[in-house]
Amino acid sequence: MTLQDGIRKVYMLLDEYSSGGSISEDPDIALKMRDFFDIAQKDMANFKRIIREVTIDVGDATVYELPSDCAKVFRVWIGGVLSNRYVIRSGGISFPSSIPSQVTVEYFALPETISSKTPNDYVFEVSEEAAQCLPFFVAAQNLMADLVVDYSAFLQMYYNMRNALDVSLPSGSGTGGVRQTLFRRK
């Protein structure tokens, strides 16, 4: 979903909810819309993680810089095998000297900030199913300042939709699930 699609959906929600007049002509709402989408996307990215990866060519350096959008390291693959042989240090990552020349780091990414300069064709960085929830959050935020209107229906819809998302993380074992090893039937 693009930012323009999201804004259009918010106006549709607000127009249906309003008791008269077109909300889409309100300049105050237009000014706040992008900031609310920024808050919504970042909230969603903390709930349903954006996973990215970077390949690091290991050489003579001791600490390698992580991407600027890295919130937290998820997994590290050394020689195609999942490894815990790394140390996070002040925004960087270091490895023991005995590893192969390439390391793949998977990390949880922070989405780009949506500002007044963000173009309308900006595509939300969260998954498409997660992006479908964002207009409900933004609509609720726009109604929150109005003491007469109840914004809770939109906010509750956002949380219900968000909580229904599949937030499972990809497995690194390749088996597709967890095996019961303590008790086995014979």
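Both backbone and side-chain heavy atoms feed into the values below; hydrogens, waters and symmetry mates do not.
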Check your understanding: Are any of the side-chain nitrogens in Lys32 or Asp28 under 4.0 Å away from the carboxylate oxygens of its partner?
Key -> yes

Exercise for review: Quick one: pull up CZ in Phe137 and CG in Asp43 and give me the separation to the nearest 0.5 Å.
Suggested key: 6.0 Å

Practice item. List the steps and the verdict of ring-ring contact (aromatic ring centres under 6.0 Å, His included) for Phe37 and Phe124. Key: CA-CA 9 Å; Phe37 268 110; Phe124 291 111; 5.3 Å; yes

Revision key, fill the gap. Taken to the nearest 0.5 Å, the spacing of Leu169 CG from Ile51 CD1 works out to 5.0 Å

**Study point:** side-chain contact (heavy atoms from CB on, under 4.5 Å) between Arg75 and Leu82, intermediate numbers included
**Key:** CA-CA 7 Å; Arg75 296 186 292 204; Leu82 192 58; 3.6 Å; yes

Check your understanding: What heavy-atom pair brings Arg162 and Phe47 nearest, and what distance separates the two atoms?
Key -> O-CE2, 3.0 Å

Practice item. With the side chain counted from C-beta on, respond yes when Gln141 and Ile39 share a heavy-atom pair under 4.5 Å apart, and no when they do not. Key: no

Check your understanding: Do any N or O atoms from the side chain of Asn142 and from the backbone of Val138 form a donor-acceptor pair under 3.5 angstrom?
Key -> yes

Review point. If you group Ile, Leu, Val, Met, Phe, Trp and Tyr by side-chain heavy-atom gaps below 4.5 Å, do Val54 and Tyr86 land in one group?
Key: yes

Check your understanding: Is Leu3 close to Pro119 at the side-chain level, that is, under 4.5 Å between some pair of heavy atoms?
Key -> no

Practice item. Answer with yes or no whether the hydrophobic clustering places Tyr151 together with Met161; edges join I, L, V, M, F, W, Y residues whose side-chain heavy atoms lie under 4.5 Å apart. Key: yes

Point to revise | Closest non-hydrogen atom pair between Phe154 and Leu14, with its separation | key: CE1-CD2, 4.5 Å

**Study point:** Side-chain (Glu53) to main-chain (Tyr107) donor-acceptor, under 3.5 angstrom
**Key:** no

Review point. Do the charged groups of Asp166 and Lys48 touch, with an N to O distance under 4.0 Å?
Key: no

Check your understanding: So which heavy atom on Ala131 is nearest to which on Met1, and how close?
Key -> O-CE, 3.2 Å

Revision key, fill the gap. Residue set satisfying side chain to side chain contact (heavy atoms under 4.5 Å, CB included) with Asp35, at least two apart, ordered chain then number -> none

**Study point:** ILVMFWY cluster, Phe36 and Met157 together (side-chain gap under 4.5 Å)
**Key:** yes

Exercise for review: Give a yes or no answer on whether the side chain of Glu129 reaches the backbone of Leu165 with a donor-acceptor pair at less than 3.5 Å.
Suggested key: no

Check your understanding: Side chain of Asp38, backbone of Arg34: donor and acceptor closer than 3.5 Å?
Key -> no

**Study point:** Non-hydrogen side-chain atoms of Val63 and Ile93 separated by less than 4.5 Å
**Key:** no

Practice item. Over all heavy atoms of both residues, which pair between Tyr64 and Asp57 is shortest? Give the atoms and the distance, please. Key: CE2-O, 3.9 Å

**Study point:** Check: Glu106 side chain, Arg52 main-chain N or O, donor-acceptor pair, under 3.5 Å
**Key:** no

Point to revise | Tyr158 versus Ala40, closest heavy-atom pair with distance | key: OH-O, 4.0 Å

Check your understanding: Do Arg8 and Gln4 pass the side-chain contact (heavy atoms from CB on, under 4.5 Å) test, and can you show the C-alpha distance, the side-chain angles, and the key distance before you say yes or no?
Key -> CA-CA 6 Å; Arg8 184 181 49 76; Gln4 184 173 5; 5.7 Å; no

Review point. Should Met144 and Met33 be regarded as members of a common hydrophobic cluster, given that ILVMFWY residues are connected when their side-chain heavy atoms come within less than 4.5 Å of each other, either directly or indirectly?
Key: yes

**Study point:** Gap between atom CD of Glu125 and atom NZ of Lys42 - 0.5 Å precision
**Key:** 9.5 Å

Practice item. Drop me the distance from Arg85's CZ to Ile78's CD1, to the nearest 0.5 angstrom. Key: 5.5 Å

Point to revise | Check against side-chain contact (heavy atoms from CB on, under 4.5 Å), Val103 and Trp77 | key: CA-CA 6 Å; Val103 172; Trp77 299 86; over 6 Å; no

Exercise for review: Compare every heavy atom of Leu13 with every heavy atom of Pro135, then report the nearest pair and how far apart it is.
Suggested key: O-CD1, 3.8 Å

Exercise for review: Find the distance between CD (Gln132) and CG (Asp5) and round it off to the nearest 0.5 Å.
Suggested key: 8.5 Å

Review point. Quick one: do Phe108 and Val76 end up in the same hydrophobic cluster if we chain Ile, Leu, Val, Met, Phe, Trp and Tyr together by side-chain heavy atoms under 4.5 Å apart?
Key: no

Practice item. Run the numbers on Val105 and Ile56 for side-chain contact (heavy atoms from CB on, under 4.5 Å), then give the verdict. Key: CA-CA 8 Å; Val105 176; Ile56 298 173; 3.8 Å; yes

Exercise for review: Could you tell me if the ring centre of Phe136 sits under 6.0 Å from that of Tyr159?
Suggested key: no

Exercise for review: Can you measure from OG (Ser116) to CG (Leu31) and round to the nearest 0.5 angstrom?
Suggested key: 9.0 Å

